[in-house]
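As structure tokens, the structure follows; a few thoughts come after it.
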Amino acid sequence: MSNRKLPLSFYRRQDVVSIAQELVGKVLCTRIGSASLTSGIITETEAYCGRGDQACHANNGTRTDRTETMYQAGGIAYIYLCYGIHHLFNVVTNAKNKADAVLIRAIQPLDGKKEMLQRRNKENINPALTAGPGRLTQALGITTGFDGTPLIANSIWIEDRQIDFGSSLVANKRVGVDYAGKDAKLPWRFYPQESKWVSQK
DNA sequence: CATTTGATGTTCT
DNA sequence: GAACATCAAATGC
């Protein structure tokens with residue numbers, strides 16, 4: 001039960017790309033206020049590194065009110081508003097003042113499917129429910145109000161339920177970061193090749 | 001089917 | 001003002 005929750009030591013390692021790879025297959029869980037537990041298998045992640053990665057908001061020591069969360073020690077949530085509409089969920093990694101993070105781009109629903117359908121105002125369970133960075137946050141009830149929340153507390157956390165995609169896990173270019181020059185080509189996006197629960201390019 | 005467009009907060013110019 | 005780690009609905013074949 002509680003021993004399945006990933007410990008802070010998982011997040012505070014230095015290699016954000018390895019962490020992004022290992023997060024695929026883990027289970028992202030939320031219990032928001034009095035709502036029921038909602039969770040899903042992480043099926044798509046992207047790594048962002050604060051030093052030398054032009055696609056990262058906090059690259060090259062850039063500090064703003066928004067990115068300050070990424071400079072904290074690993075093991076907390078970095079949630080920001082994208083295009084003024086979508087709440088995007090990231091896992092902060094590495095030590096304090098090392099602005100690394102992993103963007104969660106898609107999940108496969110597990111617990112609380114009814115709750116997720118309500119939040120998304122949908123009738124049927126299909127990839128459009130939770131495959132996409134803006135979609136999964138809405139399904140899980142994650143908003144920018146949870147920015148900086150520790151992932152070892154009881155609102156948002158990640159569990160290891162021994163799910164392994166094995167060799168079907170592939171690396172590819174990240175999505176929507178064409179502006180990042182040569183860094184746009186880095187193979188820092190991870191997902192199981194055969195999974196339907198992955199965002200469309 | 002494919003392509004375009006509207007929504008719209010934060011950050012940078 | 002413009003651009004942005006996006007989505008859904010409208011429009012055009």
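Atoms considered below: every heavy atom in the structure, side chains included; atoms not considered: hydrogens, waters and symmetry mates. To find a chain, count down the sequence lines: A is the first, B the second, and so on, and within it residues start at 1.
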[X] [atom1] to [N] [atom2]: how many Å, rounded?
X      : N     : atom1 : atom2 : answer
A/Y48  : C/dC4 : OH    : C1'   : 11 Å
A/R174 : C/dT6 : CZ    : C1'   : 17 Å
A/I142 : C/dT6 : CD1   : P     : 16 Å
A/Q54  : C/dC4 : CD    : P     : 13 Å
A/Q200 : C/dA8 : CD    : C1'   : 14 Å
A/D178 : C/dA3 : CG    : P     : 14 Å

N/O (side chain, A/R120) to phosphate O (OP1/OP2, C/dC7) under 4.0 Å: no
At 4.0 Å (heavy atoms only), tell me whether A/R135 reaches a base, stays on the sugar-phosphate, or touches nothing. sugar-phosphate
Heavy-atom side-chain proximity of [X] to [Y] below 4.5 angstrom:
X      : Y      : value
A/Y78  : A/T67  : yes
A/T38  : A/R119 : yes
A/P192 : A/W197 : no
A/I79  : A/T137 : no
A/L6   : A/L23  : yes

Could you run down nucleotides 6-12 of chain B 5' to 3' and tag each one B, S or - for protein heavy-atom contact under 4.0 Å? -BBBSSS
Is the NZ or CZ atom of A/R12 both under 6.0 Å from the centre of the six-membered ring of A/F10 and within 45° of that ring's axis? no
Per nearest nucleotide of DNA chain C, the residue lying toward the 5' end, A/V177 or A/A128, is A/V177
Please find out if less than 6.0 Å separates the ring center of A/F146 from that of A/H87. no
State, without any angle test, whether A/Q108 and A/S195 hold a side-chain donor-acceptor pair at a distance under 3.5 Å. no
So how far is it from A/D111 CG to A/M116 CE, rounded to the nearest 0.5 Å? 7.0 Å
For nucleotides C/dA10 and B/dT8, find the distance between their P atoms and express it as a whole number of Å. 15 Å
Expressed in whole Å, how much space separates the P atoms belonging to C/dC13 and B/dT5? 12 Å
For DNA chain C, the dot-bracket notation using Watson-Crick and G-U wobble pairs below 3.5 Å, [ ] for pseudoknot-type crossings and | for other-strand pairs, is ||||.|||||||.
